[in-house]
Student: 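Below you will find the structure I want to go over with you.
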Amino acid sequence: MITRTTNPEEQAGYKPGSEKDSAITIKGIREGLLVTLGDGDWETLQERLLKQIEEKGAFFRGARMALDVGNRILHAAQMGALRDRLSDREISLWAVVSNSPVTERTAQVLGLATRLSTPKPERVIRQMDTQLPGEDAILIQRTLRSGFRVSTHGHVVVIGDVNPGAEIIADGNVVIWGRLRGTVHAGAQGNEHSVVCALEMNPTQLRIANLFYAPPSKKKNKGAEMARVVKNEIVTEPWNTR
Amino acid sequence: MTAKVLTVTSGKGGVGKTTTTANIAVALAGLPYKVVCIDADIGLRNLDVVLGLENRIVYDLVDVVEGRCRLRQAMIRDKRLPELYLIPAAQTRDKNAVSPSDMVRLCDELRNEADWILIDSPAGIERGFRNALAPADVVVVVTNPEVSAVRDADRIIGLIEAEEKGPARLILNRVNMNLVKRGDMLNADDVLELLAVELIGIVPEDEAVVVSTNRGQPVALDGKSKAGLAFQNIARRLNGEQVPFLSLEEKDGFFARLGRMFRTGGA
């Protein structure tokens, strides 16, 4: 009988159960439990995981779980269903780690973390020949509603609106093909050359590097604008073709 | 008969979810469809009061889920209409007494017996909201023309999309036309520009709603008040009918004033 008497950290590498399940590995990490799912059908693996959890009830109860799903593509309904079933068993799913950008985005949409704070072993990603260094960007083709938060080391391009209560934090530039009414922080690591562009610039708050800009309320200025840093101050100006 | 499950939610509290649920239920039952309402606001139940069925509760939702009674036993029939039933929430428990999968199971059991299943969601975005959302086929978001209510509606619509239950439909409740005309209240266009979802109803602010809620007689029982008519139109739109929106401007014209005079005189 296994009980959670020790700190999970000390149980690193521990696999509960005598019957080893090669497709599911469970180990303790600083943030709780990390469950890695190997190859196999999602539904089957999910059932097997839940079965293991039920068998070892005391070990899992109240645990914080991170799930590594590898290359698997998961949709919100699948991920949400698992989260609910885990929460029925008093386990809170807080992160889903994946190599698939689709799955990562799904996890972000559901408000789950996609990175563990402890660096994972380097994943082997085949570099594409055309990839330009320092030009990583993510494209978001939807309206970001209140409560959504996008945070990235690269640039962000949104095709859609950014509503009040939504937040974008990018180390690079932010371009919004739509209305900006939420909060944007460009150049979050301190790059003052970053810019923010939007077809309608009406942000709740704008930050570039360490500078801060609260726009005048009730601005009725339609038309594309660009915000950038000029002499240690954020200015917005109409985005004319030069 | 395969019922459609409709969840009424809002994020923010106090915008009129329960009143809306009760009135849509009454309007649908008057069309007439067989309607079952489920109050998912466990611990803070209200739908029974608004429907005027409070004194007839014996069993509740948690009793059904925990197997203390059969589903049928918890369904209170509203005697004013041919087929309107309520499954009340438990008052002495909390949201964790029911799980999303319980709600899905319960609705699946009801699907063959009704035309519409209406779920009144609690405020918030936590467990209670997820319980109410899990079985939904159609989600209706209720909001008021206020910045804070619209902000919460936006968040809720995003969560509904994330759970792949979208696109949500919108009811704009408690619109005060005098304030809108003066430019002191958000109008429907302002709200829709931000939320970008389908509008299925505009319900004007109406004293009749307060009176009827207190009496447990939903306004949609008769279409005499503006709000009652608005809810009846919503019910018809939910059934795929094309119903033009009440012209609220006109409502303040001569005929409306005359109508109001008669009503206040009669009441």
Side-chain angles (χ1 to χ4, degrees), chain A residues 46-47 50 62 74-93 96 102-112 140-150 159-167 178-183 199-200 202 204 217-218 220 222, chain B residues 9-12 65-66 95-105 124-137 139 141 143 146-168 170 183-184 186 189-197:
Chain A
Q46 181 181 318
E47 293 308 324
L50 291 170
L74 286 184
H75 295 288
Q78 295 172 307
M79 209 182 278
L82 179 61
R83 182 191 60 189
D84 288 342
R85 295 180 71 180
L86 288 170
S87 95
D88 286 348
R89 290 160 179 80
E90 294 176 49
I91 296 167
S92 70
L93 183 66
V96 171
V102 176
T103 306
E104 277 200 328
R105 204 174 313 143
T106 309
Q108 282 170 355
V109 162
L110 286 178
L112 299 169
I140 299 165
Q141 298 183 74
R142 60 185 296 171
T143 288
L144 292 179
R145 295 184 182 275
S146 173
F148 282 85
R149 182 191 160 102
V150 175
I159 301 179
D161 294 345
V162 177
N163 282 358
E167 226 177 287
R179 290 184 278 248
L180 167 56
R181 294 191 272 209
T183 295
L199 292 187
E200 185 186 316
N202 248 321
T204 310
S217 56
K218 285 290 155 217
K220 272 291 161 204
K222 303 263 157 102
Chain B
T9 187
S10 72
K12 187 171 180 298
V65 166
E66 294 181 350
K95 312 288 186 259
N96 293 322
V98 172
S99 74
S101 43
D102 288 333
M103 291 297 286
V104 172
R105 219 168 24 243
I125 55 172
E126 295 85 16
R127 177 69 168 262
F129 163 69
R130 293 206 331 251
N131 284 343
L133 189 64
D137 301 319
V139 186
V141 174
T143 192
E146 291 162 23
V147 174
S148 59
V150 173
R151 183 75 59 91
D152 288 0
D154 189 42
R155 170 101 166 112
I156 275 290
I157 291 167
L159 292 172
I160 293 162
E161 284 169 0
E163 300 278 345
E164 292 174 5
K165 295 284 187 184
L170 188 74
D184 290 335
L186 296 174
D189 292 339
D190 297 333
V191 175
L192 287 178
E193 189 198 40
L194 185 79
L195 298 181
V197 290

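We name chains A, B, ... by the order of the sequence lines, and we start the count at 1 in each one.
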Student: Below 4.5 Å, heavy-atom pairs only: which of B:Asp152, B:Ile156, B:Asp154 has the largest tally toward chain A?
Tutor: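 Max contact count across the listed options: B:Asp154.
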Student: Which heavy-atom pair separates A:Ser146 from B:Arg155 by the least distance, and what is that distance?
Tutor: O-CD, 3.1 Å
Student: Quick check on the interface: out of B:Arg130, B:Arg127, B:Glu161, B:Glu163, who has the most heavy-atom pairs with chain A under 4.5 Å?
Tutor: B:Arg130
Student: Using modelled atom types and a 3.5 Å cut-off, is there a donor and acceptor pairing between side-chain atoms of A:Arg145 and backbone atoms of B:Leu195?
Tutor: yes
Student: Using non-hydrogen atoms only, which part of B:Arg151 is less than 4.5 Å away from chain A: side chain, backbone, both, or neither?
Tutor: both
Student: Any side-chain heavy atom of A:Pro164 sitting closer than 4.5 Å to one from B:Leu194?
Tutor: yes
Student: Select, from B:Leu159, B:Ile157, B:Asp102, B:Val150, the one with the greatest count of heavy-atom pairs under 4.5 Å involving chain A.
Tutor: B:Ile157
Student: Let's test your reading of the structure: which of A:His75, A:Met79, A:Arg83 forms the most heavy-atom pairs below 4.5 Å with chain B?
Tutor: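 Among the listed options, the one with the most contacts to chain B is A:Arg83.
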Student: Closest heavy-atom contact between B:Ala162 and A:Ala76?
Tutor: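 In terms of heavy atoms, the two residues are closest at O-CB, 2.7 Å.
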Student: Search all heavy atoms of B:Ser101 against all heavy atoms of A:Asp88 and return the closest pair with its distance.
Tutor: OG-OD2, 3.4 Å
Student: With sequence neighbours left out, write down each residue that passes side-chain hydrogen bond (donor to acceptor under 3.5 Å, both in side chains) with A:Gln78, or none if nothing qualifies.
Tutor: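 Not a single residue meets the side-chain hydrogen bond (donor to acceptor under 3.5 Å, both in side chains) criterion with A:Gln78.
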Student: Examine whether an atom of A:Arg181 lies under 4.5 Å from a heavy atom of chain B, and if so say whether it belongs to the side chain, the backbone or both; otherwise answer neither.
Tutor: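 When you check distances to chain B, only side chain atoms of A:Arg181 fall under 4.5 Å.
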Student: Any side-chain to backbone donor/acceptor pair from A:Asp84 onto B:Ser99? Under 3.5 Å, distance only.
Tutor: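 Here the side-chain-to-backbone pair does not exist.
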Student: What part of B:Glu193 lies closer than 4.5 angstrom to a heavy atom of chain A: side chain, backbone, both or neither?
Tutor: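 It is both, since atoms from each part get that close.
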